[in-house]
Amino acid sequence: MSSEKVFSSDVKNTAALLEEFFSKHEYLSSEEKAEVTKAWSLLVEKAGDRVRECGKPYYLHPLRVANILAESKLDSPTLVAAILHSIKDFDVSDEEIAKEFGENISKIVLTVNKILNLPINTKTMHQSDAIRNMLFAMCDDARIILITLADRLDRIRNIKSFTAADQHMIASAVIEIWAPLADRLGMQAEKNEFEDLSLKYTNPSVFQQIKAIVSQKKDERASYLEKAVNSIYKSADKMGMKIEIQSRAKHFYSIYQKMRKRNKEAGELFDLLALRILCNTPAECYTLVGIVHGLWKPLDGRFKDYIAMPKANGYQSLHTTVMCEGKPLEIQIRTHDMHNMAEHGIASHWLYKKGSSRELIEEDRLAIYNKLQQFKDSLTEGNNFETLKNELLGDEIYVFTPKGDVKKLPMGATAIDFAYAVHTAVGEKIIAAKADGKIIPLSRPLQNTQIIEVITNPQAHPTESQLKLVKTTKAHQKIHSWLMANDPTFSERLALKAEEQANAAGIEGTVGLAGGGATHFIRAKKSRPKKGKPEAAPEQRPHKKCGVLVQGERRVLYNIAQCCKPEYPDLIAGYVTRTKGVSIHRADCLIYQRIPHKEERSVEVQWDE
């Protein structure tokens, strides 16, 4: 993708702009041009005389985005979606877009629009990585990411009219989100341009310093590289190989990274030059390494074989650094197909073959993601992004706080999980939640990229029903701990449930408690027990003026239920708990009335007057 600005003249009429677009991209058929023209006409009609902050017509940006994608020879549906990607700013409905251009394009436009309006907040590298993963999670079609990247690239190319603060904010998001995303997709050209433009606005003094040094040595570099190039061409010709050599200075951000890593000024760095040799087969790549190492001495530890072991994003090439006329010279060797992949990455799935064929390039020649399943169907047959997305993300979702922070949650997580992810105090007081501004049930699983707002109440507290809804370990542990500390009947219900499960499984004797080891469960009998010293019975615990007799006995462990807090002379009832002896309730206590199978566990209790 070239950084050259196009379609920026206000004096050209819209028809001339479109004609200029088609003249630059002749690979489109007449039918495809008709679809693009229809989309352009709708955009121009809706945009009218509206201008952007820079004062330029609104419709120029979408056309520039489409031009970026057309430089990679993407198909007409992608270009149509690019032209329409921000048309929803004019209240054009999804139904209208679907009717005119199809459901697929309508869905792409809707998702791209949603991504571009996300409240992204990149405070840390962890947040940035979560956002990149979240973007994958949103996409059912790889073209959504391609259009989004093209939009961000055009935006940073044209941010001179923004304030310095806004320029810095945009450039920071580019280096933290969009450049690594392009790199992950194997789109080296886009990644390099993102990084260089970001450096220009986040650290302008360093950018200008590097630019000046590279410019000063331009003539010296040209002469030096010309000699090296001629030597390689001559040796390759003797071997009967047809090659192409590209000479270049490393991009500015790469030089900046070397300055930081080595703690040196740009002028102190010598390995700022690089050659790229393009050949026809992998075998020729290895032959060329031998030729280069025969011409100049290679530096130890600077040879990397990314052909035999590609990078995770599918990048393949041989890298070596040699000492040429006393200076380090980095050389990359790859086939033309490898170069196409390195430059365009995932976009190569939509590149047309050379010539008049309208078929897509063969899938087996593309290795976008090493060890990941390649796309199986052609674009026209509904190729989707699901397999790649699932392998990248696993069972995770990413949602936003209203301030733009990203929270990673497991699939199926609820707003209660989200609240605890924000802070335990928020989770304990949640009573309701909004997703994208609309109230949702606390039981409803959250969806990727939703903006979640938690509604709290100081009087609220965790409940057992919430415990059944949450998916995260943190939320489950916090709710469980609160209930154990504040609801005396919670542990009893857990014990009863464990007992029932054990009985159902035919287990007798010991049953496991949640959060504890195995404990012997004693079922109390309604009949008066034999007199005698109960085994391991503690001393009677007084309760205000009166204690409690359990089936006429004083030396029986009991506790006063905190749900109803009975006091003498309230009518009371009791039942055997698993861990706290006999629980004493008011006879009309609702919690007591709702205890399952309480009749089987009830014992006779009365105040000890």
Side-chain angles (χ1 to χ4, degrees), residues 114-138 169 172-173 176-177 393-494 497 514-516 562-563 590-591:
K114 186 175 182 180
I115 290 175
L116 296 178
N117 286 285
L118 288 173
I120 292 177
N121 181 3
T122 57
K123 293 181 179 178
T124 65
M125 288 302 292
H126 174 74
Q127 283 276 302
S128 301
D129 192 56
I131 292 170
R132 288 191 294 271
N133 284 340
M134 179 269 312
L135 292 175
F136 276 110
M138 292 182 70
M169 179 186 68
S172 296
E176 293 169 3
I177 303 297
L393 295 176
D395 297 326
E396 297 172 345
I397 63 170
Y398 295 83
V399 292
F400 285 103
T401 69
K403 293 183 178 179
D405 294 328
V406 177
K407 298 298 178 184
K408 181 173 70 174
L409 297 171
M411 192 75 71
T414 66
I416 304 170
D417 292 293
F418 174 83
Y420 277 97
V422 172
H423 197 280
T424 299
V426 177
E428 290 182 347
K429 302 300 180 185
I430 184 173
I431 59 169
K434 291 182 179 180
D436 297 330
K438 297 179 181 180
I439 292 287
I440 60 170
L442 293 182
S443 59
R444 178 180 296 173
L446 302 181
Q447 302 296 317
N448 266 309
T449 73
Q450 286 180 324
I451 301 172
I452 308 300
E453 180 182 351
V454 175
I455 301 171
T456 59
N457 187 310
Q459 305 303 317
H461 61 74
T463 65
E464 196 168 347
S465 62
Q466 290 180 350
L467 189 65
K468 299 174 183 177
L469 297 176
V470 295
K471 298 293 183 182
T472 59
T473 301
K474 178 181 179 179
H476 192 279
Q477 289 178 343
K478 293 295 183 181
I479 296 173
H480 186 277
S481 297
W482 191 95
L483 292 172
M484 289 293 289
N486 296 277
D487 184 353
T489 65
F490 176 66
S491 61
E492 301 162 10
R493 291 193 293 275
L494 285 182
K497 183 177 180 180
Q562 296 302 300
C563 52
L590 291 178
I591 289 181

(Q) Are more than 12 heavy atoms, taken from residues, nucleotides or ligands other than Lys471, located less than 6.0 Å from that residue's NZ atom? (A) no
Q | Cys563 side, atom SG; Asp487 side, atom CG - distance, nearest 0.5 Å | A | 7.5 Å
Q.
So, taking the atom named NZ in Lys468 and the one named CD1 in Ile416, what distance separates them when rounded to the nearest 0.5 Å?
A. 12.5 Å
**Q.** Straight-line distance of Ile440 CD1 to Glu453 CD, nearest 0.5 Å
**A.** 11.0 Å
Q: Grab the two heavy atoms, one from Pro462 and one from Ile479, that are nearest each other, plus how far apart they are.
A: CB-CG2, 4.0 Å
Q: Check whether any side-chain N or O of Lys407 sits under 3.5 Å from a backbone N or O of Val422 as a donor-acceptor pair, and report yes or no.
A: no
Q.
Using 30° and 60° as the class boundaries, would you call the ring planes of Trp482 and His461 parallel, tilted or perpendicular?
A. parallel
Q. Which heavy atom of Leu409 sits nearest a heavy atom of Ala413, and at what distance?
A. CB-CB, 3.7 Å
(Q) Ignoring hydrogens, what is the shortest heavy-atom contact between Thr472 and Ala475? Give both atom names and the distance. (A) OG1-CB, 3.2 Å
Q) What are the two closest heavy atoms between Lys429 and Pro458, and how far apart are they? A) NZ-O, 3.1 Å
(Q) Is there a side-chain contact between Lys434 and Ile452 in this structure, where contact means two heavy atoms from C-beta onward sitting under 4.5 Å apart? (A) no
Q) To the nearest 0.5 Å, what is the distance between OG1 (Thr456) and CD1 (Ile430)? A) 8.5 Å
Q | Side-chain touch Gln562/Asn486, heavy atoms, less than 4.5 angstrom | A | no
Q: Calculate, to the nearest 0.5 Å, the distance between atoms OH and CD belonging to Tyr420 and Gln466 respectively.
A: 6.0 Å
Q: Drop me the distance from Thr473's OG1 to Asp417's CG, to the nearest 0.5 angstrom.
A: 9.5 Å
Q. Just wondering, do Thr414 and Leu442 contact through their side chains at under 4.5 Å, heavy atoms?
A. no
(Q) Could you tell me if the side chain of Phe418 sits less than 4.5 Å from the side chain of Val426, heavy atoms only? (A) no
Q | Nearest heavy-atom neighbours spanning Ala415 and Ala433 | A | CB-CB, 3.4 Å
Q: Write down the atom of Lys474, the atom of Thr424, and the distance for their closest heavy-atom approach.
A: CE-OG1, 3.7 Å
